[in-house]
> 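This structure is in structure tokens; I'll ask about it shortly.
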Amino acid sequence: MAKFLKISAIVLLSFIVLFLVLWSTYLIITRDAKLDESKLINPNQVITVLDDYGNEITDATLTGQNKSVKISGLQKHTVDAFIASEDRTFYSHKGLNYKRMLKALYKNTLSRSFKEGASTISQQLIKNTHLSSDKTINRKLKEIKLTKQLEKRYSKKQILEMYLNTIYFGHNSYGLQSAAEFYFDKKAEELTLSESATLVGLLTSPNNFSPFKHPEKCIKRRNIVLKAMRDCKFITQSQYSSAIEEPLNAKKTTESGKNANYLSAVFDEIEENVNVYNLAGGCTVKTYLKPEIQKVIETYGYKCDNAVVVTSREGGVNAYKSTIGNTKRQPGSTIKPLAVYAPAFEEKTLSPFTKILDEKVNYGGYSPENYDKKYHGYVTATDSIKYSYNVPAVKTLNVLTLKKAEKYLTKMNLPLDENEKNLSLALGGMTNGMTLKELADRYSIFQRQGTYSPSRFIKEIVTIDGKTIYKPQPAQSRVFSAGTSSLINSTLLETTKSGTAKKLSHFNFDIASKTGTCGNDKGNTDAYSISYTSEHCIAVWLGDKNNVRQNITGGVDCCEIAENVISSLYTEKEPENLDISSGTETVEIDAEEYYDNNKVIISDPLSPKLNKLTVKVLKGNAPKETSTKFTHPTIQNPSISVANGTVIIELCQAKYYDYVIKRQYNGKNEVIYDGKWQKSISDCPKDGTFIYTVIPYFNNGGNKIFGTEIVLPPVNLSKDNKEPQVKIPDIAKKDWYNL
């Protein structure tokens with residue numbers, strides 16, 4: 001018994017000591033944690049936004065004046081939506097839900113992380129207004145102390161009211177009133193049940209559940225909130241069933257004013273990368289905005305929905321405008337260099353000069369057509385890009401294989417859905433599509449010699465005390481070699497000079513371009529012009545957000561806008577030329593074989609200049625076969641015949657050869673012709689049997705390079721002037737009828 005008491009005393013003492021240690025630790029860590037009433041009732045703090053030159057663009061406040069709400073003015077279902085989703089025991093606990101805290105502690109211990117949280121609405125209010133988002137024990141202990149102080153000083157109604165006026169709903173909307181105005185263009189007091197649940201659903205991750213970015217995810221999240229309300233008996237089954245059938249009804253208020261689109265994108269980037277509550281003390285946001293370029297794209301007279309983005313080689317967005325936000329659209333023919341030709345160059349499947357037969361094809365029922373409804377025979381890969389032919393692009397993708405195309409698209413962060421893995425991908429057939437900025441970022445890969453790095457709007461975010469809390473340093477990933485990028489640059493320069501983007505050909509510096517459209521004979525839903533210099537990428541989209549057909553094209557309408565932007569970009573200094581040589585080599589191929597036989601072989605070392613064609617290939621991808629037509633002149637066997645006592649030798653055409661023709665009679669050889677090619681050579685010998693030989697040769701500056709002597713069948717001339725018998729068949733022992 002004495003031993004048991006002794007052990008119990010030791011255990012009790014240990015618990016007391018442990019408690020005192022933990023309590024002392026708690027007091028030390030939280031000694032400076034004090035509730036600041038001004039942060040709770042006056043969250044308005046200024047965010048100063050600077051342009052690329054360091055000049056102030058605008059002041060953006062966390063919440064506007066007079067935009068706070070009163071609990072008494074809200075619909076009951078609006079308040080209930082927050083309680084059901086965020087903190088069901090809000091009215092019964094005293095700031096902390098110990099049961100949830102223990103459960104979260106248990107799960108975090110098992111996972112060795114801070115995944116699970118157990119924050120009540122009171123704790124969230126404290127965390128959002130007083131603390132950072134760091135998942136540390138120190139921060140959590142301070143949060144607990146301040147939450148207890150909060151609960152002692154304010155009523156539940158006051159706490160909930162302050163929470164609703166400071167919570168972040170995405171798209172730079174702080175507070176319920178700002179969110180109601182932004183998402184539904186109405187006062188918070190007018191929110192319906194479905195709208196209230198939609199806003200509450202945003203709190204977990206405003207960027208991921210935005211009705212404008214991810215409507216399907218938003219609906220699922222809204223319905224989860226509605227289910228929670230039903231489970232809490234805040235709404236009936238009938239109300240729940242009715243609400244989940246309602247459309248989102250979100251109608252983003254029109255962004256207006258100078259730089260509105262750009263600023264909206266800035267706050268989107270903040271939301272994606274920074275805990276927005278860390279900005280509560282005010283900060284300075286440094287951007288890449290160039291006001292003079294932004295003014296050009298904002299004041300242009302557009303005739304339909306539009307988007308323009310201008311990015312720099314360094315990865316900053318200098319100007320941005322979009323009437324459709326970040327909506328993804330079908331890329332049309334602009335996908336061809338990205339998904340087809342650049343991968344094909346990289347895989348050494350073809351080169352820019354490779355000829356592709358543009359003809360009617362059918363791949364299991366899929367039969368692509370060109371825009372002009374014509375087929376153009378053999379065309380080069382360069383011409384296929386330059387004139388945006390569809391059939392060669394599909395044929396190239398088929399040879400390349402979808403698996404290899406997908407490999408490169410994945411490298412540039414464009415993963416494919418299963419239903420996108422088909423040959424229509426070559427023409428932009430994508431389920432989700434791409435935003436214009438995403439498209440510009442992928443074309444900048446060629447500008448940067450094959451590396452991908454997404455552009456951004458923000459250079460740096462600095463707090464009022466000088467601390468940098470965000471400075472993006474996007475990792476660059478290698479997608480294509482410098483050689484492939486050089487080859488694509490060359491082909492897209494040709495597109496500008498004389499192809500679909502020739503409207504930009506008058507500039508005196510390098511501009512690589514690709515145009516594209518999505519539509520049919522009745523009009524286009526999307527039109528593109530993607531152009532880049534060595535310093536900037538200028539991407540233009542025109543269309544209709546509801547897919548109404550428009551009389552627009554990339555080569556005319558979009559290029560006209562790009563022309564204005566490019567003119568304003570280089571008023572003082574022209575950009576340097578694009579790199580079209582790194583990672584490549586030039587080789588000379590046999591021009592005659594290339595043009596006449598669609599065959600690519602290295603030209604003979606002795607070939608005359610007229611028969612040499614200089615082409616550029618990826619380093620290491622030069623043709624393996626070399627012509628020998630001049631070092632070893634070779635021709636097809638000539639034909640020989642006799643008519644009216646005249647021997648006629650017909651020569652196949654070989655424009656660079658001379659010929660020596662000899663006649664042999666009674667063991668003696670006589671040259672009957674030595675000279676340039678002629679279609680036929682005639683000879684009138686006396687009666688007898690003659691053997692003629694033909695020797696082609698190449699005259700290399702007076703040095704004759706002879707080919708193999710060709711012996712023609714013998715001819716026999718008699719007095720009767722009969723045709724020559726080259727061979728007398730032996731029919732005595734054969735079925736002569738079947739010879």
> Evaluate the side-chain proximity of D372 to Y387: yes if any heavy-atom separation is below 4.5 Å, no if none is.
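Not in contact.
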> Suppose we screen for side-chain contact (heavy atoms from CB on, under 4.5 Å). Which residues come up paired with T525, at least two apart in sequence or across chains?
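Here the qualifying residues are R329, C518, N547, R549.
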> Evaluate the ring planes of Y341 and F345, with Trp represented by its six-membered ring, and classify them as parallel (under 30°), tilted (30 to 60°) or perpendicular (over 60°).
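Ring orientation of Y341 relative to F345: tilted.
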> Between N524 (side chain) and T553 (backbone), is there a donor-acceptor pair under 3.5 Å?
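Side chain of N524 to backbone of T553, a donor-acceptor pair under 3.5 Å: no, none is there.
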> Side-chain contact test, heavy atoms from C-beta onward, threshold under 4.5 Å: evaluate it for I661 versus I649 and give yes or no.
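Side chain of I661 against side chain of I649, heavy atoms only: contact under 4.5 Å found.
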> Run the side-chain contact (heavy atoms from CB on, under 4.5 Å) test against E593 and tell me which residues pass, sequence neighbours left out.
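With neighbours one apart ignored, the set is D590, N597, K599, I601, K629.
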> What closest approach, in Å, do M412 and I445 show between heavy atoms, and which atom pair accounts for it?
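Scanning both residues, the minimum pair turns out to be CB-CD1, 3.8 Å.
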> Y692: what forms a ring pair (Phe, Tyr, Trp, His ring centres under 6.0 Å) with it, not counting sequence neighbours?
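By the ring pair (Phe, Tyr, Trp, His ring centres under 6.0 Å) rule, Y692 matches no residue at all.
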> Test side chain to side chain contact (heavy atoms under 4.5 Å, CB included) on Q550 and L542; report intermediate values, then the result.
CA-CA 9 Å; Q550 303 280 328; L542 294 175; over 6 Å; no
> In sequence, state the C-alpha distance, the side-chain angles, and the governing distance for K395 and E359, and then conclude on salt bridge (charged side-chain N to carboxylate O under 4.0 Å, His left out).
CA-CA 10 Å; K395 292 182 77 172; E359 61 182 344; 2.9 Å; yes
> Please confirm whether the backbone N or O of K373 pairs with a side-chain atom of N370, one donor and one acceptor, at under 3.5 Å?
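Between the backbone of K373 and the side chain of N370 there is no qualifying donor-acceptor contact (under 3.5 Å).
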> I want to check something: taking the side chain as every heavy atom from C-beta on, are L578 and Y532 in contact at a cut-off of under 4.5 Å?
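Side-chain contact under 4.5 Å: yes.
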> Quick one: does N551's side chain have a donor or acceptor within less than 3.5 Å of a partner on G523's backbone?
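Checked: no pair found.
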> Stepwise, does the side chain to side chain contact (heavy atoms under 4.5 Å, CB included) test hold for S498 with K386?
CA-CA 8 Å; S498 56; K386 181 167 135 180; 3.0 Å; yes
> So how far is it from E494 CD to T380 OG1, rounded to the nearest 0.5 Å?
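Here the rounded value is 9.0 Å.
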> Report the C-alpha separation of Y659 and Y673 in whole Å, then their side-chain angles, then the decisive distance to 0.1 Å, and conclude whether the ring pair (Phe, Tyr, Trp, His ring centres under 6.0 Å) test is met.
CA-CA 7 Å; Y659 295 87; Y673 182 79; 7.9 Å; no
> For the pair D417 (side chain) and N419 (backbone), establish whether a donor and an acceptor sit closer than 3.5 Å, ignoring hydrogens and angles.
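A pair under 3.5 Å: no.
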> Are H536 and Y570 an aromatic pair by the rule of ring centers under 6.0 Å?
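When the ring centroids of H536 and Y570 are compared, they turn out to be within the sub-6.0 Å range.
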> Output all residues satisfying side-chain contact (heavy atoms from CB on, under 4.5 Å) with K686, sequence neighbours left out; order by chain, then residue number.
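Counting only residues at least two positions away or on another chain, K686 forms no side-chain contact (heavy atoms from CB on, under 4.5 Å).
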> Give the C-alpha distance, both sets of side-chain angles, the deciding distance and a yes or no for side-chain hydrogen bond (donor to acceptor under 3.5 Å, both in side chains) between T631 and D604.
CA-CA 7 Å; T631 51; D604 191 304; 3.0 Å; yes
> Using a strict 4.0 Å threshold on nitrogen-to-oxygen distance, state whether E438 and R442 make a salt bridge.
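Salt bridge between E438 and R442, a charged N being under 4.0 Å from a carboxylate O: no.
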> Checking D526 against W541 for the side-chain hydrogen bond (donor to acceptor under 3.5 Å, both in side chains) test, could you report, in this order, the C-alpha distance in whole Å, the side-chain angles of both residues, the deciding distance, and whether it holds?
CA-CA 7 Å; D526 303 88; W541 170 85; 2.8 Å; yes
> Please tell me if the side chains of K336 and L427 come closer than 4.5 Å, counting only heavy atoms from C-beta onward.
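Answer yes - side chains close enough.
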> If you apply the rule side-chain hydrogen bond (donor to acceptor under 3.5 Å, both in side chains), what do you find for S513 with T496, and how did you get there?
CA-CA 6 Å; S513 301; T496 304; 3.0 Å; yes
> I'd like to check N508 versus E574 (side-chain heavy atoms, cut-off strictly below 4.5 Å). Are they in contact?
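They are in contact (side-chain heavy atoms under 4.5 Å apart), so the answer is yes.
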> Given side chains that start at C-beta, do those of K497 and K502 come closer than 4.5 Å, heavy atoms only?
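When only atoms from C-beta onward are counted, K502 and K497 do not touch, as no gap falls below 4.5 Å.
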> Let me have the donor-acceptor pairs involving side chains of residues 696-712, under 3.5 Å, with sequence neighbours excluded, atom names and distances please.
residue: Y697; atom: OH; partner: D674; partner atom: OD1; Å: 2.6
residue: N699; atom: OD1; partner: G702; partner atom: N; Å: 2.8
residue: E709; atom: OE2; partner: T693; partner atom: OG1; Å: 2.9

> Evaluate the side-chain proximity of Y389 to I356: yes if any heavy-atom separation is below 4.5 Å, no if none is.
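Counting from C-beta outward, I356 and Y389 never come under 4.5 Å.
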> Distance-only, no hydrogens or angles: does the N520 side chain make a donor-acceptor pair with backbone N or O of K522 under 3.5 Å?
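Yes, N520 side chain to K522 backbone: donor-acceptor pair under 3.5 Å.
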> So, are K403 and E406 salt-bridged, with charged N and O less than 4.0 Å apart?
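Judged by the 4.0 Å cut-off on N to carboxylate O distance, K403 and E406 do not form a salt bridge.
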> Answer yes or no: is there an ion pair linking K619 with E585, defined by an N-O contact shorter than 4.0 Å?
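Looking at K619 and E585, the cut-off is not met.
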> Under the side-chain contact (heavy atoms from CB on, under 4.5 Å) test, which residues partner T584, sequence neighbours left out?
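Only S486, L487, S581, K616 meet the side-chain contact (heavy atoms from CB on, under 4.5 Å) criterion with T584.
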> Would the distance check show the side chain of S351 and the main-chain N or O of F353 forming a donor-acceptor pair, the cut-off being under 3.5 Å?
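Pair absent, no side-chain N/O of S351 close to backbone of F353.
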> With heavy-atom distances below 4.5 Å as the criterion, would you say the side chains of Y656 and W677 are in contact?
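In short, these two side chains do not touch, never coming nearer than 4.5 Å.
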> Start with the C-alpha gap between Y378 and D358, add the side-chain angles, then the distance that decides, and say whether side chain to side chain contact (heavy atoms under 4.5 Å, CB included) holds.
CA-CA 6 Å; Y378 279 100; D358 181 13; over 6 Å; no
> Count the heavy atoms belonging to other residues, nucleotides or ligands that lie under 6.0 Å from OH of Y363, then report whether that count exceeds 12.
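Result for OH/Y363: enclosed.
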> Under 3.5 Å, is there a donor-acceptor pair between the side chain of Y528 and the main chain of L439?
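Checking the backbone N and O of L439 against the side chain of Y528, no donor-acceptor pair under 3.5 Å is found.
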> Quick one: does any side-chain atom of T484 pair with a main-chain N or O of S481 as donor and acceptor, under 3.5 Å?
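No; judged by distance alone, with no hydrogens or angles, the pair does not exist.
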> If you measure from CD1 on I681 to CG on D683, what distance do you get to the nearest 0.5 Å?
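Answer rounded to 0.5 Å: 10.0 Å.
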> Between E670 and R663, does any side-chain N to carboxylate O distance fall below 4.0 Å?
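Looking at E670 and R663, the cut-off is met.
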> Rounded to the nearest 0.5 Å, what separation is found between the CD1 atom of I552 and the CG atom of D557?
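Those atoms lie 6.5 Å apart.
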> Is T382 reaching over with its side chain to a backbone N or O of P352, donor-acceptor style, under 3.5 angstrom?
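Yes, the answer is positive, given that a donor and an acceptor are paired below the 3.5 Å cut-off.
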> Between T628 and T634, is the side chain to side chain contact (heavy atoms under 4.5 Å, CB included) condition met? List the steps.
CA-CA 8 Å; T628 59; T634 303; 5.6 Å; no
> Show the numbers, then the answer: is there a side-chain hydrogen bond (donor to acceptor under 3.5 Å, both in side chains) between S424 and N422?
CA-CA 6 Å; S424 66; N422 56 70; 2.3 Å; yes
